[in-house]
Amino acid sequence: MSAVGVRELKEHTSEIVRRVRVDKEFIDVTYRGEVVARLVPIPGPVDRATMQRIWDEEDRLAEEIGNYWPDGLSAADAIAEDRE
């Protein structure tokens, strides 16, 4: 992981942001030698087909859990009971 000072960030913002965006580099930003921020790449958007597969799997898991869930017990009650 690289580090840049605030002054360097100010003077070379475009180049540093390109390193994060293109090279997927994590960069610590320092002020007087202390890390005060971190620039990190953000993953791209997930396509609709992938999101649909995720939601379908969550629906399937919810249905499976529901098959074993006791009647009359809410999720909040189950958590409270487990904490006791």
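The figures here come from the full heavy-atom set of this structure, side chains too, leaving out hydrogens, waters and symmetry mates.
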Problem - Minimal non-hydrogen separation, P41 against E25, with atom names - result: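 For P41 versus E25, the nearest heavy atoms are CD-O, 3.7 Å.
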Linking I/L/V/M/F/W/Y whenever any side-chain heavy atoms sit under 4.5 Å apart, do [X] and [Y] land together?
{"X": "I27", "Y": "V6", "result": "yes"}
{"X": "V36", "Y": "V20", "result": "yes"}
{"X": "Y31", "Y": "V29", "result": "yes"}
{"X": "V4", "Y": "M1", "result": "no"}

Counting only heavy atoms not in [X], do more than 12 fall under 6.0 Å of its [atom1]?
{"X": "N67", "atom1": "CG", "answer": "yes"}
{"X": "E58", "atom1": "CD", "answer": "yes"}
{"X": "R60", "atom1": "CZ", "answer": "yes"}
{"X": "E34", "atom1": "CD", "answer": "no"}

Once rounded to the nearest 0.5 Å, what's the spacing between atom [atom1] of [X] and atom [atom2] of [Y]?
{"X": "E11", "Y": "I16", "atom1": "CD", "atom2": "CD1", "value": "9.0 Å"}
{"X": "I79", "Y": "L73", "atom1": "CD1", "atom2": "CG", "value": "10.0 Å"}
{"X": "T30", "Y": "R38", "atom1": "OG1", "atom2": "CZ", "value": "12.0 Å"}

Handout entry: Name of the residue among T50, D56, I54 meeting side chain to side chain contact (heavy atoms under 4.5 Å, CB included) with Q52
Key =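 The passing option is D56.
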Problem - side chain to side chain contact (heavy atoms under 4.5 Å, CB included) between R18 and D23, intermediate numbers included - result: CA-CA 7 Å; R18 183 201 56 73; D23 300 335; 3.5 Å; yes
